[in-house]
Amino acid sequence: MKTSWRSASLVASAAAVLALTTACGQDSPPAASQNVGATAAPGDYGSIGSGTAGTAGGAATGQPSAPSASSPSNPAGKLSVSTAEKVGKVVTDSLGLTLYRFDQDTAEPPKTNCDGDCAKTWPPVPADDAEAGEGIDKALLGTVTRADGTKQLTVGGWPAYRYAKDVNAGDVKGQGVGGKWYALAPDGKKAQGGAGAGAGGEAVQAGLSTRNDAKLGEIVVDKNGMTVYRFKKDEAWPKPVSNCSGACLEKWPLVEPVDFNDTKGIQKKGYMIFDRTDGKGKQQTINCSPIYTFAGDKAPGDTNGQGVGGTWYAVRPDGKLVGASE
């Protein structure tokens, strides 16, 4: 009897270990895995410069400046659609100022996570007096109540903002800032023309793909061509754990879930998403390791995050670090 009991115990233990080892790295991972923590210190996560700039196509040279986007309580007025060079179709207010959305907000349900100093740089667009103009579906317009009780305009559920550095009608200087601010397309999605865009300005690059870097070799990039990184202090086994939160995420924005069918050249094994525990939603992994972009990268092809703090490295298509041991 003792021998049988011990054999059964060993079998049960082996099964438990097998279950853990297949939680990450299986060929057909579950849609989501619960994170077990995201509270460790972020470590050295580098510094950030300014964001990308651009101007809208068709804006007349020497056009008079619109009132500053940072002016308090500027009404939105009648919204319309403009075509910005390298960005595509964007929503603008009655003054021609571009409206933006923030990746750290949510649309279902609408929720804003930009307050304090953030709201000074990215003034919320008041919902009062906003109306749909040509090219805007009024059914997509809504409101969200901010922490101070004011009503903010939403487009497709996403809270709308202006950018304080946009001072002229047609400016799109906020496009891509920090890897998390994007002009609003008329359907509420991100305006993402430019690199990999088709003739109509729509993005055609895969959500995650690879490119050959002259120094680093084959590395993973996102849909905007921006380099993807891993943080050595994160965990991948037995479940993904992000140890980058708070100020760390401002410099290293998380990569949101990307359907595997929208990838090219990425390893399928261990390709999964997980739920963060800091209220930032879901995050994508490659080979079970959480992935990020770097706010210090300002243009496709930049690799300014490589080796930062001895903890941040670009990612191979199989999820391994570039230039560092695991």
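If you read the sequence from its start, that first residue is 1, and numbering goes on from there.
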Check against side-chain contact (heavy atoms from CB on, under 4.5 Å), K232 and S325: CA-CA 9 Å; K232 286 193 71 174; S325 59; 4.3 Å; yes
Counting N and O atoms only, with roles assigned by atom type, does the side chain of T227 sit under 3.5 Å from a partner on the main chain of V221, one being a donor and the other an acceptor? no
Nearest heavy atoms of W158 and G188, plus distance in Å: CD1-O, 3.3 Å
Note: D129-K78 ion pair, threshold 4.0 Å (strictly below): no
Would a 4.5 Å heavy-atom cut-off, applied to side chains only, mark K89 and S82 as touching? no
Report yes or no: do I266 and V228 belong to one cluster of Ile/Leu/Val/Met/Phe/Trp/Tyr joined by side chain heavy-atom distances under 4.5 Å? yes
Roughly how far, to the nearest 0.5 Å, is CG of N224 from OG1 of T293? 9.0 Å
What one should report as the nearest heavy-atom pair of V172 and A84 is CG1-CB, 3.9 Å
dist K280:NZ -> T106:OG1 (nearest 0.5 Å) comes out at 10.5 Å
Is a side-chain N or O of Q283 found less than 3.5 angstrom from the main chain of S242, in a donor-acceptor match? no
Presence of salt bridge, D275 and K282, under 4.0 angstrom: yes
Could you work out, with side-chain hydrogen bond (donor to acceptor under 3.5 Å, both in side chains) as the rule, every residue matching K111, not counting sequence neighbours? N113
Side-chain donor-acceptor contact under 3.5 Å, D222 with Y292: no
Rounded distance [0.5 Å steps], CD1 in I291 versus CG in D234: 11.0 Å
Working to the nearest 0.5 angstrom, can you tell me the gap between C288 SG and K269 NZ? 9.0 Å
Around K189, counting heavy atoms of other residues, nucleotides and ligands shown, do more than 12 lie under 6.0 Å from its NZ? no
Using modelled atom types only, decide if a donor and an acceptor are shared between the side chain of D278 and the backbone of S245 within a distance under 3.5 Å. no
Co-membership, hydrophobic cluster, residues V81 and V87, 4.5 Å side-chain: no
Check: V258 main-chain N/O paired with Q284 side-chain donor or acceptor under 3.5 Å: yes
Would you give me the side-chain donor-acceptor pairs under 3.5 Å for residues 135-151, sequence neighbours excluded?
residue	atom	partner	partner atom	Å
D137	OD1	A139	N	3.0
T145	OG1	K151	NZ	2.7
R146	NH1	T112	OG1	3.1
R146	NH1	C114	O	3.4
R146	NH1	Q152	OE1	2.8
R146	NH2	C114	O	2.7
R146	NH2	D115	OD1	2.9
D148	OD1	T150	N	3.0
D148	OD1	T150	OG1	2.6

Side chains of P240 and M272: closer than 4.5 Å at any heavy-atom pair? yes
According to salt bridge (charged side-chain N to carboxylate O under 4.0 Å, His left out), does anything in residues 311-326 pair up with another residue at least two apart or in another chain? List the pairs. R230-E326
Please name the pair of heavy atoms, one in P110 and one in T154, separated by the smallest distance, quoted to 0.1 Å. CB-CG2, 4.2 Å
On a heavy-atom basis, the closest approach of A191 and V90 is CB-CG1, 3.8 Å
In short, A314 meets Q306 closest at the heavy-atom pair N-OE1, 2.7 Å
Applied to residues 211-220, the side chain to side chain donor-acceptor pair (under 3.5 Å) test, sequence neighbours excluded, yields T210-E218, R211-D213
List, by chain and then residue number, the residues other than I219 in its hydrophobic cluster (Ile/Leu/Val/Met/Phe/Trp/Tyr, side-chain heavy atoms under 4.5 Å); write none if there are no others. L216, V322
Do the side chain of N304 and the main chain of G296 share a donor and acceptor less than 3.5 angstrom apart? yes
Of all pairs that satisfy ring pair (Phe, Tyr, Trp, His ring centres under 6.0 Å), the ones with a partner from residues 164-185, not counting sequence neighbours: F102-W181, W122-W181, Y161-W181
May I have the step-by-step check of ring pair (Phe, Tyr, Trp, His ring centres under 6.0 Å) for W252 and F294, ending in yes or no? CA-CA 5 Å; W252 300 91; F294 182 42; 4.2 Å; yes
Starting from the C-alpha separation in whole Å, work towards a yes-or-no answer on side-chain contact (heavy atoms from CB on, under 4.5 Å) for V315 and L321. CA-CA 5 Å; V315 182; L321 300 170; 5.6 Å; no
Assigning hydrophobic clusters by single linkage (Ile, Leu, Val, Met, Phe, Trp, Tyr; side-chain heavy-atom cutoff under 4.5 Å), is V220 placed with Y313? no
Under 3.5 Å, is there a donor-acceptor pair between the T98 and T92 side chains? no
Considering non-hydrogen atoms only, spot the tightest contact between L254 and R276 and give its length. CD2-CD, 3.5 Å
W312 ring center near Y229 ring center (under 6.0 Å): no
CG/D103 to CD/E256 distance, rounded to the nearest 0.5 angstrom? 4.5 Å
Taking C-beta and beyond as the side chain, do Y100 and D166 meet within less than 4.5 Å on heavy atoms? yes
With rounding to the nearest 0.5 angstrom, report the CG to CG distance, L153 to L99. 7.0 Å
Does either side chain, that of Y163 or that of D171, offer a donor lying less than 3.5 Å from an acceptor on the other one? no
Exactly one of T285, N287, T263 should register a side-chain contact (heavy atoms from CB on, under 4.5 Å) with Y271. Which one does? T263
Donor-acceptor pair, distance only, cut-off 3.5 Å: does the side chain of N243 make one with the backbone of K233? yes
